[in-house]
Student: 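Can you keep this structure in mind? I'll have questions shortly.
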Amino acid sequence: MGANTTLMTVQQFLELPDEALRRHELWQGELIEVGETIFAHNWIRETLRFGIKQFLLASNTSGEVLVETGIQFDSNTLARPDVSYWDAQHLAALDWNHSPVEIIPQLLAEVVSPSNSLRTLFRNAEYYLRAGVQMVWVIDRDPFQIHVFEKGQSKRVLRPGDLLEAPTVLPGFSENVSCFVPPVNR
């Protein structure tokens, strides 16, 4: 944060014009511009969401996975993680007709894009864990790796050929990391 940065609350952020809301997130009171994503980023995000959704349907597991949903993490932070998962218990407490969502998800995933760096996403992952998220996946495209942040555990790195699992959050979910590598990178 710069010395002359004016901090704002989520309430003040929500009073901005719609165009500003679509192009920004609020991180600990600081307005952060969210740039355009690229096709590879969106492909990874959607493939991950689809994989989790298919698992939920096939295993008859209650819960929901969404992309880029506005979540209020505290009075000064509103972010739109690439992928968010709420288990049945937390989903039941969620107000489906209110934005932003005020119930912390159990799992988040972020994909590196031109508008954010791996370093920034690592910092965000640590913040998400402190805010109550149980597991965060940070996906880097070059080289393709999934950095797994889990509450109470050391960060680990998965590569194509490894299994992406979340036993404490999505028991039984298991996909080869290779499934999330865009076809142009295989």
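Quick note: numbers below take in every heavy atom, side chains included, and nothing from hydrogens, waters or symmetry partners. Keep in mind that this is a model prediction, so the values were computed, not measured.
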Student: To the nearest 0.5 Å, what is the distance between CD1 on I146 and CG on D162?
Tutor: 9.0 Å
Student: I need the minimum non-hydrogen distance between M8 and L16, along with the two atoms involved.
Tutor: SD-CD1, 4.3 Å
Student: Could you see if L108 belongs to whatever hydrophobic cluster contains W27? Use Ile, Leu, Val, Met, Phe, Trp, Tyr and a side-chain cutoff under 4.5 Å.
Tutor: yes
Student: As an exercise, state the distance from CD of E102 to CD of Q72, rounded to the nearest 0.5 Å.
Tutor: 5.0 Å
Student: When you compare the side chain of P100 with that of L14, does any pair of heavy atoms fall below 4.5 Å?
Tutor: yes
Student: Kindly say whether L129 contributes a backbone atom to a donor-acceptor pair with the side chain of K151 at under 3.5 angstrom?
Tutor: yes
Student: For a quick test of reading the model, state the closest non-hydrogen atom pair linking R141 to S113 and the distance between them.
Tutor: NH1-CA, 3.9 Å
Student: Is there a side-chain contact between V148 and V157 in this structure, where contact means two heavy atoms from C-beta onward sitting under 4.5 Å apart?
Tutor: no
Student: Are F122 and I32 co-members of a hydrophobic cluster defined by side-chain heavy atoms under 4.5 Å apart?
Tutor: yes
Student: Does the side chain of V177 come within less than 4.5 Å of L163's, by heavy atoms?
Tutor: no
Student: Take Y85 and V133 through the side chain to side chain contact (heavy atoms under 4.5 Å, CB included) test and state the conclusion after the steps.
Tutor: CA-CA 10 Å; Y85 166 75; V133 176; over 6 Å; no
Student: Rounded to the nearest 0.5 Å, what's the gap from CD on Q11 to CG on L78? Could you check?
Tutor: 11.0 Å
Student: Keeping the roles fixed (side chain from E25, backbone from R80), state whether a donor-acceptor pair exists under 3.5 Å.
Tutor: yes
Student: Take E150 and T168 through the side chain to side chain donor-acceptor pair (under 3.5 Å) test and state the conclusion after the steps.
Tutor: CA-CA 9 Å; E150 186 171 7; T168 59; 3.0 Å; yes
Student: N176 and P160: which non-hydrogen atoms are nearest, and at how many Å?
Tutor: OD1-C, 4.2 Å
Student: Do Q28 and T77 have side-chain N/O donor and acceptor atoms under 3.5 Å apart?
Tutor: no
Student: Considering all heavy atoms of both residues, which atom of D95 and which atom of N97 are nearest to each other, and what is their separation?
Tutor: OD1-N, 2.9 Å
Student: Does any N or O in the side chain of E33 come within less than 3.5 Å of the main-chain N or O of L31, such that one atom is a donor and the other an acceptor?
Tutor: no
Student: Between V34 and I71, is there a shared hydrophobic cluster once you connect ILVMFWY residues whose side-chain heavy atoms come closer than 4.5 Å?
Tutor: no
Student: So E175 and E165, do their side chains get closer than 4.5 Å, heavy atoms only?
Tutor: no
Student: Looking at D82 and V111, would you say the former's side chain and the latter's main chain have a donor-acceptor pair under 3.5 Å?
Tutor: yes
Student: Tell me if a side-chain donor or acceptor on T47 pairs with a main-chain N or O of W43 at a distance below 3.5 Å.
Tutor: yes
Student: Consider side chain to side chain contact (heavy atoms under 4.5 Å, CB included). Of L107, I103, I104, which one does W86 pass it with?
Tutor: I103
Student: Hey, quick one: are V67 and F180 part of the same hydrophobic cluster, counting side-chain heavy atoms closer than 4.5 Å, chains of contacts allowed?
Tutor: yes
Student: Should the pair F73 and Y128 be assigned to parallel (<30°), tilted (30 to 60°) or perpendicular (>60°) ring geometry?
Tutor: tilted
Student: I would like to know whether I139 and F144 meet side chain to side chain contact (heavy atoms under 4.5 Å, CB included); could you show each step before the answer?
Tutor: CA-CA 7 Å; I139 303 168; F144 196 92; 3.7 Å; yes
Student: Rounded to the nearest 0.5 Å, how far does CZ of R156 lie from CG of L158?
Tutor: 6.0 Å
Student: Is the shortest heavy-atom distance from the side chain of P114 to the side chain of I38 under 4.5 Å?
Tutor: yes
Student: Would you say that Y127 contacts R123 through its side chain, given a criterion of any heavy-atom pair below 4.5 Å between the two side chains?
Tutor: no
Student: Test side chain to side chain contact (heavy atoms under 4.5 Å, CB included) on T9 and F13 and set out the steps.
Tutor: CA-CA 6 Å; T9 66; F13 174 72; over 6 Å; no
Student: Kindly give the heavy-atom pair with the smallest separation between L56 and G63, and that separation in Å.
Tutor: CD1-O, 3.9 Å
Student: Please report the interatomic distance CD(E30) to NE2(H24), rounded to the nearest 0.5 Å.
Tutor: 10.5 Å
Student: How far apart are the C-alpha atoms of V101 and L66, what are their side-chain angles, what is the distance that settles it, and do they pass the side chain to side chain contact (heavy atoms under 4.5 Å, CB included) test?
Tutor: CA-CA 12 Å; V101 171; L66 298 173; over 6 Å; no
Student: Is it true that a side-chain atom of Q106 and a backbone atom of D87 form a donor plus acceptor pair closer than 3.5 Å?
Tutor: yes
Student: What's the shortest heavy-atom distance between G161 and S178, and which atoms?
Tutor: N-OG, 3.2 Å
Student: Assess whether a salt bridge exists between E46 and R49, defined as any Lys/Arg side-chain N lying under 4.0 Å from an Asp/Glu carboxylate O.
Tutor: yes
Student: Report yes if some heavy atom in the side chain of L91 is under 4.5 Å from a heavy atom in the side chain of W96; otherwise report no.
Tutor: yes
Student: For the atom pair CG (L26) and OG (S75), what is the distance rounded to the nearest 0.5 Å?
Tutor: 9.0 Å
Student: Indicate whether the side chain of T37 and that of N42 have a donor and an acceptor atom separated by less than 3.5 Å.
Tutor: yes
